[in-house]
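A short worksheet on the structure shown next.
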Amino acid sequence: MSAKKITKIAVLVSGGGTNLQALIDAQTAGIIKSGEITLVVSNNPNAYALTRAENAGIATAVIPGKEYKDQNAFEAKLIETLENAGIELIVLAGFMRILSENFTARYPKRIVNVHPSLIPSFCGKGFYGLHVHEAALAYGVKVTGATVHFVNEIPDGGEIILQKSVPIRKGDTPEILQRRVMEQAEWKILPRAVELVSKELAKKS
Ligand code: GAR
């Protein structure tokens with residue numbers, strides 16, 4: 001009997017890495033079982049997410065955006081890094097750099113992203129991190145949430161995999177709302193979506 005196929009996952013990060021931590025914890029808990037996080041890539045050398053990866057014994061790579069003359073050169077290095085590690089699924093978990101069509105077209109239905117709103121609200125260019133929650137509060141919506149979706153050439157425009165709603169409460173600040181959206185939605189649906197996609201990819205290979 002042949003060994004069960006496990007999808008090799010890279011997680012791309014830029015900052016604190018709480019979503020990466022949720023993925024690591026889900027792997028330990030057996031929620032993610034069809035895939036394995038084998039590489040964490042950061043475009044920011046100071047990202048705390050790198051420490052989280054090291055603490056979990058996961059290989060890391062740093063590709064500082066500033067050191068590359070343009071997007072093409074940055075993505076060429078990223079592709080080389082992913083290919084050398086045999087990566088089959090790319091997870092954007094707080095990765096604050098938009099990837100070009102040249103990159104996304106190489107990995108159809110093999111890149112997933114977590115976004116801190118209910119797409120199609122508060123998404124696309126300029127909507128990232130705390131700005132998303134500022135915009136939701138400024139608009140006055142009563143419900144927000146998070147979305148995990150496939151990544152294509154349209155920023156935040158790929159097919160939706162999972163969504164979860166989160167209530168907005170009186171007196172919320174962007175920071176309070178961000179934390180609630182992470183705890184109640186992002187950290188739950190990202191690991192579940194990664195398992196769903198890993199399972200599909202493991203079947204195909
Ligand atoms: C998360 O809220 C994630 O959804 C968001 O940035 C935060 C990263 O936190 N991503 C975007 O806004 C992408 N458009 P983390 O580094 O602690 O996971």
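Atoms within each ligand, like the ligands themselves, are counted from 1 in listed order.
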List by chain and number: which residues place a heavy atom under 4.0 Å from ligand 1?
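Around ligand 1, where the cutoff is 4.0 Å for heavy atoms, the contacting residues are G16, G17, T18, N19, G94, M96, V114, H115, P116, F127, Y128, G129, M182, E186.
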Validation: residues 118-129 side-chain donor-acceptor distances under 3.5 Å, sequence neighbours left out:
none

Supply the members, apart from V62, of the Ile/Leu/Val/Met/Phe/Trp/Tyr cluster built from side-chain contacts under 4.5 Å; use none for a lone residue.
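Once heavy-atom contacts under 4.5 Å are chained together, V62 belongs with L50.
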Take atom NZ in K199; do more than 12 heavy atoms of anything else shown fall under 6.0 Å from it?
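12 or below, so no.
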Between R106 and E83, is there a salt bridge with N-O shorter than 4.0 Å?
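R106 and E83: salt-bridged.
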Without placing hydrogens or testing angles, list every side-chain donor-acceptor pair under 3.5 Å for residues 8-32, not counting sequence neighbours.
from, atom 1, to, atom 2, distance (Å)
S14, OG, N43, OD1, 2.8
S14, OG, M96, N, 2.8
T18, OG1, W187, NE1, 3.1
N19, ND2, E186, OE1, 2.9
Q21, OE1, R52, NH1, 3.3
Q21, NE2, D25, OD1, 3.1
Q27, OE1, I37, N, 2.9
T28, OG1, I24, O, 3.0

NE2 of H133 to CG of L137: how many Å apart, nearest 0.5 Å?
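The NE2 atom of H133 sits 9.0 Å away from the CG atom of L137.
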